[in-house]
Amino acid sequence: MTTADLATDRFSVVLREATREEHERTESSRFVAELLDGKLDRRAYVALLEQSYLFYSVLEEAGDRWRGDEIVGPFVSDALLRRGALEADLSWLSGSRWRDGLVTLPATQRYIDRLREVCFTSRGAFVAHHYTRYLGDLSGGQIIRSKLRSIYGLTRDGVRFYLFDEIPKPKVFKDGYRELLDSTPWAAGERTTLLGEANEAFRLNRGVFDDLSAGC
Ligand code: HEM
């Protein structure tokens, strides 16, 4: 954090600081560590994509709900959408009948239930979940992508989830996203909702990693 950030008390900075601890816990999950170490087999990687498909489908349905909204509509960007990429990866890795064996893990169910409970009615909660996943995909996700390339030699097919063709410069996009967080005319209490729900989003993601680890 720079002195200027502290002086202006930017909401995006407050959010990053408020979720720092949960982020650290999440990125040091056993499943994530094994993924980065190249210790996961193909089945575990496919399981990660399957669970991601399930919760991204609901997150992106919520995005459709808010598309065009005058307050949070600007967060909804087609360049971020991951559902189609996950479908393509799963078809490539498991064949066209990949949906047949799809099992929703208990933690994924809890995640989906929470998304349905809060993201269709609360702008702050929606952005909390949107931020946690997509800014993560554009940050740590890109580190995972380079690992998948060096460990498994996957550059496009099977790792489309990590490729944002329409976002050539993630840093520029993330800076714009943070400016949006700062300039959005949030209603009273909405920032507090967002901060609490972003921490919840990290915990829910960690739950999915824990369930995936337990199944390995
Ligand atoms: C492989 C494990 C991970 C690593 C190495 C990692 C690393 C990073 C790094 C270096 C940043 C800072 C990027 C920047 O300032 O532009 C970042 C930001 C972020 N990460 Fe992660 N991350 C990981 C996993 C995750 C996971 C699993 C999530 C969520 C489920 C997540 C959510 C976020 C978010 C929301 C940000 C944006 C913070 C902000 O600037 O407001 N990360 N991550």
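Indexing begins at 1, ligand by ligand and atom by atom, following the structure's order. Counting begins at 1 with the first residue of the sequence.
Residue-level proximity to ligand 1 for T19 is absent, since no heavy atom of it falls below 4.0 angstrom. The side chain of F202, and not its backbone, has at least one atom closer than 4.0 Å to an atom of ligand 1 (non-hydrogen atoms only; side chain from C-beta on). Counting heavy atoms under 4.0 Å from ligand 1, residue L15 does not touch it at all.
Classified by interplanar angle (parallel below 30°, tilted 30° to 60°, perpendicular above 60°), the ring pair Y152/Y45 is parallel.
Side chains of H130 and Y177: a donor-acceptor N/O pair is present below 3.5 angstrom, by distance only.
Between the E200 side chain and the L195 main chain, no donor and acceptor come within less than 3.5 Å of each other. Of the possible polar contacts, one joining the D89 side chain to the F161 backbone as a donor-acceptor pair under 3.5 Å is found. A distance-only check finds a donor-acceptor pair linking the side chain of E60 to the backbone of R83 [under 3.5 Å].
Shortest contact from atom 26 (C) of ligand 1 to any protein heavy atom: T26 CG2, 4.3 Å. Atom 32 (C) of ligand 1 has as its closest protein heavy atom G136 CA, 3.3 Å. The nearest protein atom to atom 38 (C) of ligand 1, hydrogens excluded, is given as Y131 OH, 3.3 Å; this is a heavy-atom distance.
Atom numbering of ligand 1 starts at 1 in the shown order; those under 4.0 Å from a heavy atom of N205 are 30 (C). Counting atoms of ligand 1 from 1 in the listed order, those under 4.0 Å from a heavy atom of I144 are 1 (C). For ligand 1 and I143, the ligand atoms under 4.0 Å from any heavy atom of the residue are 5 (C).
Its N, O or S atom nearest to atom 21 (Fe) of ligand 1 is what matters here, and for H23 that atom is NE2.
F75 has its ring centre no less than 6.0 Å from the ring centre of Y134.
The residue from R178, R20, H129, K174 that puts a heavy atom closest to atom 40 (O) of ligand 1 is R178. Within the set A128, A33, S12, S139, the minimum heavy-atom distance to atom 18 (C) of ligand 1 is found for S139. Here the shortest heavy-atom distance to atom 5 (C) of ligand 1, taken over E22, E27, E17, belongs to E27.
Relative to the six-membered ring of Y111, R203 misses at least one condition, a distance below 6.0 Å or an angle of at most 45° to the axis. No cation-pi contact links R65 to F126, judged by a cut-off of 6.0 Å to the six-membered ring centre and 45° from its axis.
The closest approach between any non-hydrogen atom of F209 and ligand 1 is below 4.0 Å.
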